[in-house]
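A quick write-up on the structure given underneath.
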2 protein chains.
Amino acid sequence: MSLKAISAKDAASLDRDLMDPEIGGWSLDQLMELAGLSVSQAVYRVHPPSKGKNVLVVCGPGNNGGDGLVAARHLAQYGYTPSVYYPKEGKNELYQRLKKQLHNLSVPFVQEADFPSSLVTSHFLIDAIFGFSFGGPLREPFPSIITQIESSNIPVLSVDAPSSWDIAAGPPKSGPGANFMPACLISLTAPKPCVMYYRGRHFVGGRFLTSQIAEKYGINVPQYPGVEQIIEIGVDAEGRL
Amino acid sequence: MSLKAISAKDAASLDRDLMDPEIGGWSLDQLMELAGLSVSQAVYRVHPPSKGKNVLVVCGPGNNGGDGLVAARHLAQYGYTPSVYYPKEGKNELYQRLKKQLHNLSVPFVQEADFPSSLVTSHFLIDAIFGFSFGGPLREPFPSIITQIESSNIPVLSVDAPSSWDIAAGPPKSGPGANFMPACLISLTAPKPCVMYYRGRHFVGGRFLTSQIAEKYGINVPQYPGVEQIIEIGVDAEGRL
C-alpha cells in the first residue's frame, strides 16, 4: 500500500480545518476520542492482554499526550492494567477531565521517582510524548525519559512519531533518541515524513477524514477493514510506504 | 447473561453523574461519540454492507437523535450510503456540528415529503427518535413517522428503546407504535425496563462505565469481547434478560 506522508505544517493546518466550525465542525473531544481509540486498538492488535496487561502510557503535555490518556482509558475497559506517567501535565481542561476519567477507573499515575521501576514491571509502553508539533530540542525531564525507554527492553508503540525524532529529518544524530526505534508506530490520519527512517510495524488510525480534506492535503485515505479504526500498512525494503 | 434494567429516572441521573466535572468528567461530545460508535457497530453486525448499503437514520430532537447522527457518520466511513431524516432538529450546537460533519461526507438529509420513498429504497433503518427520556404522548410529525415505519417491511434497529414505547410500560395499547417490534435493539449502558416487552436481537453498547457508577445504579456491566463496543445478549422464553 502506498501512502503519502504529510508535513508537520500540513498536519497542523489539517487539525485547524477539522476543528473550524465553518469547515470540519469537530471538537477536540471527538477527535481525541477517536484518535485514542485507534491507539488502543493498535495495542490490542500487537500486544493482546494475554501477553501481559501492564501497559505504561507515557504522556507529553500536548494533544499527543491527550491521545495517550484516552488510549489508557480504553485499555482499562479492555481488561488491561494500564498506568500513566504524565510528568508535564497539559493545562487544557480536557486533559483534566481525561485524568478524572482515569482516576475513576483506578488507573494509577506514576511519580517521577517510580518511573524506572515502572519500566521494569510493565509489559508494553505507549509513547504519547510528542507528536507532529515537536520542534525540538528535548527539554527536561524528557531527555532522561527517552534515554530510559531507549535503553530498556520494553516493546514500544509510538503515537504519530517516535518521540525525540524530528518530524522531517527523523532520529537525532546523537544523544537521547539517536537509537530509538519503537517496535510499532501508529500514524494518525496520515504518516509524517520521518516514517522513511522507521523500521517496524506501522499502523494508520484516525478514521474520520472526508474526501475533501484528504484531497486538500494530498492524503490517500487507507481502506480500513470492517468497523476497525486502524489498518496496518507495510514498509518496503527501501523504507517506502 | 443476566442484566438488570435501570429506570428512566436512574438513566437520567447516571448521565448527569457522567457529565458532572466533579464526578465523571465526561463531555457530551465524548459520550455521544462512543454511544454512536456502538450503534454503528451493531448495524454492521446485523446488517453488513453486503446486505444493502442504504441505511436510513431517523433522528429525534434530543440526545438519542445525536447518537443517530454520530452512527450515520461512522456508517459512511464503513462504506454504507446512509441518509438522515431529522424532522425536528435539536438546538444544541453539538447537533449542528454533527450535521456539518455529515454534510462533509455528502450524507443526504431527507425532506419530509421524501420520507415515504426513502423507506422504500432503504435496506435498513436506525430508529434514533426517542430514548430513555421519552415521556409521551407522541407529537407531530412523530405519530405519522412511527406509523410509516411500523407498516413498512424495513428491518429496524432501535437505539435505547423502540420509539413510542413507554420506558417502563412498553408498547402503547393502541395507536402508533402498538405493533412496533424492531428487529434489533441496542441498550446504551444498561437495558431499560421496557425490554421485558421486547422480542428480537438485543445488544448493549456504551463501553465507558466505571465500577463505582455501575455499583451506584446496580448495573451489571457486561463482558464486552476484545476491543468491541457492543455485546449481544440473549432474552429467554419468558422475556427475562
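In what follows, chains carry the letters A, B, and so on, assigned in the order in which the sequence lines appear, proteins first and then strands, with residues in each chain numbered from 1.
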Problem set entry | Polar side-chain atom of B/K100 near backbone of A/G24 as donor-acceptor pair, under 3.5 Å | no
For this session: Please flag which part of A/Y78 lies under 4.5 Å from any non-hydrogen atom of chain B: side chain, backbone, both or neither.
Result: both
Exercise. Any donor and acceptor pair, going by atom type alone, linking the side chain of B/Q77 with main-chain N or O of A/L209 inside 3.5 Å?
Worked result: yes
For this session: Go through A/D29, A/L75, A/I213, A/V227 and name the one with the most non-hydrogen pairs under 4.5 angstrom from chain B.
Result: A/V227
For this session: Measure the NE2-OG1 distance between A/H103 and B/T210 for me, rounded to the nearest 0.5 Å.
Result: 13.5 Å
Exercise. With only heavy atoms counted, which part of B/L94 is less than 4.5 Å from chain A, the side chain, the backbone, both or neither?
Worked result: side chain
Problem set entry | Sub-4.5 Å side-chain heavy-atom contact between B/Q229 and A/L37 | yes
Exercise. Heavy atoms, side chains only, cut-off 4.5 Å: are A/Q30 and B/L98 in contact?
Worked result: yes
Problem set entry | Whether over 12 other heavy atoms sit under 6.0 Å from A/Q212 CD | no
Exercise. Would one find more than 12 heavy atoms of other residues, nucleotides or ligands at under 6.0 Å from atom CD of B/E112?
Worked result: no
Seminar exercise, completed: Interface check, chain A: of B/R97, B/Q41, B/Q101, most non-hydrogen pairs under 4.5 Å belong to B/Q101
Exercise. Where does B/H74 contact chain A at under 4.5 Å (heavy atoms): side chain, backbone, both or neither?
Worked result: side chain
Exercise. How long is the span from the CG atom in B/L105 to the OG atom in A/S211, to the nearest 0.5 Å?
Worked result: 7.5 Å
For this session: For residues A/R73 and B/F208, determine if any side-chain heavy atom of one lies less than 4.5 Å from a side-chain heavy atom of the other.
Result: no
